[in-house]
Amino acid sequence: MAASQVTEVSKAKSFGGWQKVFQHHSDVLKCDMKFAIYLPQESETKKVPVIYYLSGLTCTEQNVIAKSGFQRYASEAGVAIVAPDTSPRGCNIEGEDDSYDFGSGAGFYINATTEKWKENYNMYSYVTKELPAAIETNFNIEPSRKSIFGHSMGGHGALICYLKNPGSYISVSAFAPICNPSNCPWGKKAFTGYLGPDEETWKEWDATELVKSYKGPNLGYILIDQGADDNFLKEKQLLPEAFVDACRVSNVPVVLQMQEGYDHSYYFVSTFIGGQIQHHAKLLKQ
Ligand SMILES: N[C@@H](CCC(=O)N[C@@H](CS)C(=O)NCC(=O)O)C(=O)O
């Protein structure tokens with residue numbers, strides 16, 4: 001079955017629009033995938049802009065739709081929000097379910113090159129090409145008006161999708177992104193597994209490296225919210241200062257909002273998701 005053939009799994013009315021989940025077969029991941037889409041009421045009568053949301057480690061498409069309360073803000077702004085799963089599922093790769101930070105639930109939104117993972121672990125192609133094509137075929141979406149954001153591993157995913165496709169996404173933002181995976185334990189483990197030990201090959205998948213040579217347009221600024229009491233910040237998994245320093249060097253506008261007292265959880269994401277959606281909506285509707 002083609003990826004554009006989607007089957008509805010669930011639907012619930014929310015703030016005048018619909019929170020739906022669909023399933024389809026992904027050719028680039030060679031497995032069945034679920035994704036969530038929130039369709040605001042406007043989409044019943046006209047094409048609406050879309051914001052892709054990439055989730056963090058251990059998540060499926062369910063976490064953000066159940067925990068962040070984003071539907072209120074998406075409805076007010078008249079934008080659709082698409083939330084894919086975080087990795088291929090059930091591929092029968094030895095060890096795929098052994099750890100929370102590698103394999104299932106931890107696709108890192110890159111294309112793997114190592115023998116063991118490259119058949120299935122192509123989340124970058126999935127979220128930048130195959131999924132948008134399926135969304136544009138099936139829903140009332142304006143293809144040229146899309147933005148991207150995400151949390152933690154997904155915040156980094158959003159940054160690399162934006163930086164590797166100049167002009168494709170109107171804006172990007174992130175919650176507590178893993179900013180410099182080549183230099184943190186989560187990233188080193190994932191990149192060694194998916195890309196192999198040659199760190200030179202990691203650079204094209206690391207936002208802090210990519211921004212150093214970014215020459216594309218910036219309609220707005222890159223917006224990052226980071227909890228100041230986030231344990232993963234203290235453990236040096238996130239390294240936002242490395243990303244901000246690299247942006248300064250290449251003159252890419254960035255705003256890092258340190259949020260006093262907040263941790264890494266969905267209590268933090270739900271507090272600031274309204275602000276990030278409004279940031280995107282303003283640029284998407286210009
Ligand atoms: N389970 C991991 C942490 C995983 C984690 O914090 N995941 C975040 C994204 S990086 C998340 O969104 N978890 C799911 C949730 O809170 O609903 C640990 O205990 O160290």
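Order of listing sets the numbers, starting from 1, for every ligand and every atom in it.
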Does the side chain of W18 reach to within under 4.5 Å of the side chain of E44, using non-hydrogen atoms?
yes
Give, for atom OG1 of T113 and atom CH2 of W205, the distance between the pair rounded to the nearest 0.5 Å.
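Rounded to the nearest 0.5 Å, the OG1-CH2 separation comes to 9.0 Å.
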With rounding to the nearest 0.5 Å, note down the distance linking SG in C247 to CD1 in I224.
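Separation between the atoms: 7.0 Å.
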Verdict with reasoning, Y121 to Y194, per ring pair (Phe, Tyr, Trp, His ring centres under 6.0 Å):
CA-CA 8 Å; Y121 275 67; Y194 297 136; 5.4 Å; yes
Cationic N near anionic O, under 4.0 Å, K189 to D101:
yes
Just do the side-chain hydrogen bond (donor to acceptor under 3.5 Å, both in side chains) check on T60 and D85 with the steps written out, would you?
CA-CA 5 Å; T60 66; D85 200 349; 5.2 Å; no
Within the 4.0 Å heavy-atom sphere of ligand 1, strictly under, residues
G56, L57, T58, C59, N63, K67, Y100, H151, S152, F232, H264, Y266
